Amino acid sequence: MELLPMLLLFGLLGVMMYFMSRRQRRAQEQQMQLQNSLAVGDRVMTTSGLYGTVVDVSDDSKIGIEIAPGFETEWLRAAVREKVGPEVEDDEDVVEDDDETVDDELDTVEDRDEVVDTDDDVTADTRDESKKADTKK
């Protein structure tokens with residue numbers, strides 16, 4: 001009788017360990033498939049969070065990743081965490097849009113300065129009138 005609960009406990013523990021190891025094994029197989037399927041032109045993210053494009057897959061343990069135009073680095077295949085989608089937009093387009101936005105903001109700031117100057121004049125006139133009123137009393 002005392003042996004039955006102990007056997008059930010060990011049996012339950014064995015089943016849990018089996019399913020946990022199965023899940024780990026499946027994750028390792030998926031990671032191996034990802035690393036073996038890397039090809040030139042794939043956009044990837046490394047385990048450190050760095051995004052880049054694969055440019056060299058000639059070695060079995062290392063790959064070349066271009067992280068900026070003309071800047072290639074060498075990584076272990078195991079450092080690739082996942083494939084990501086293609087790049088969204090060119091950097092040149094973004095720079096042109098930012099320049100226009102900055103010009104628009106500068107125009108707005110200049111307009112604000114004119115409004116502030118006008119407000120200062122009104123405030124100064126109001127102060128002069130209140131001083132005159134104080135001296136009359």
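Counting from 1, the numbers follow the sequence of the chain as shown. This structure is a prediction, so every number in the text was calculated from the model and none was measured.
- No side-chain heavy atom of Ile63 sits under 4.5 Å from any side-chain heavy atom of Glu74.
- Expressed to the nearest 0.5 Å, how far CD1 of Ile67 lies from CH2 of Trp75 amounts to 7.5 Å.
- If you take OG on Ser61 and CD on Gln35, they are separated by 11.0 Å, rounding to the nearest 0.5 Å.
- The structure places CZ of Arg43 at 4.5 Å from OG1 of Thr53, a figure rounded to the nearest 0.5 Å.
- For Met45, the CE atom is densely surrounded, since the number of other residues' heavy atoms within 6.0 Å is greater than 12.
- Closest of all the heavy-atom pairs between Glu66 and Val55 is CB-CG1, 3.7 Å.
- Both Leu50 and Phe71 sit in one connected hydrophobic cluster of ILVMFWY residues. Membership requires side-chain heavy atoms under 4.5 Å apart, directly or through other members.
- To the nearest 0.5 angstrom, Glu72 atom CD is 6.0 Å from Asp56 atom CG.
- Annotation: the span from Arg26 atom CZ to Arg22 atom CZ amounts to 5.0 Å, rounded to 0.5 Å.
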Subject >> Trace of the side chain to side chain contact (heavy atoms under 4.5 Å, CB included) decision for Val84 with Val44 >> reply: CA-CA 5 Å; Val84 294; Val44 295; 5.7 Å; no
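- When all heavy atoms of Gln31 and Val80 are compared, the pair lying nearest together is NE2-O, 2.8 Å.
- Between the Arg77 side chain and the Asn36 main chain, no donor and acceptor come within less than 3.5 Å of each other.
- With hydrogens and angles disregarded, no donor-acceptor distance shorter than 3.5 Å links the side chain of Thr47 to the backbone of Arg81.
- Cluster annotation: Val57 and Leu76 are assigned to distinct hydrophobic clusters (Ile/Leu/Val/Met/Phe/Trp/Tyr, side-chain heavy-atom contacts under 4.5 Å, transitive).
- Leu9 contributes atom CG, which lies 11.5 Å from atom CG of Leu4 (distance to the nearest 0.5 angstrom).
- Chaining together hydrophobic side chains whose heavy atoms lie under 4.5 Å apart places Phe19 alongside Val15, Tyr18.
- Considering all non-hydrogen atoms of both residues, Ile65 and Thr46 come closest at CD1-CG2, 4.1 Å.
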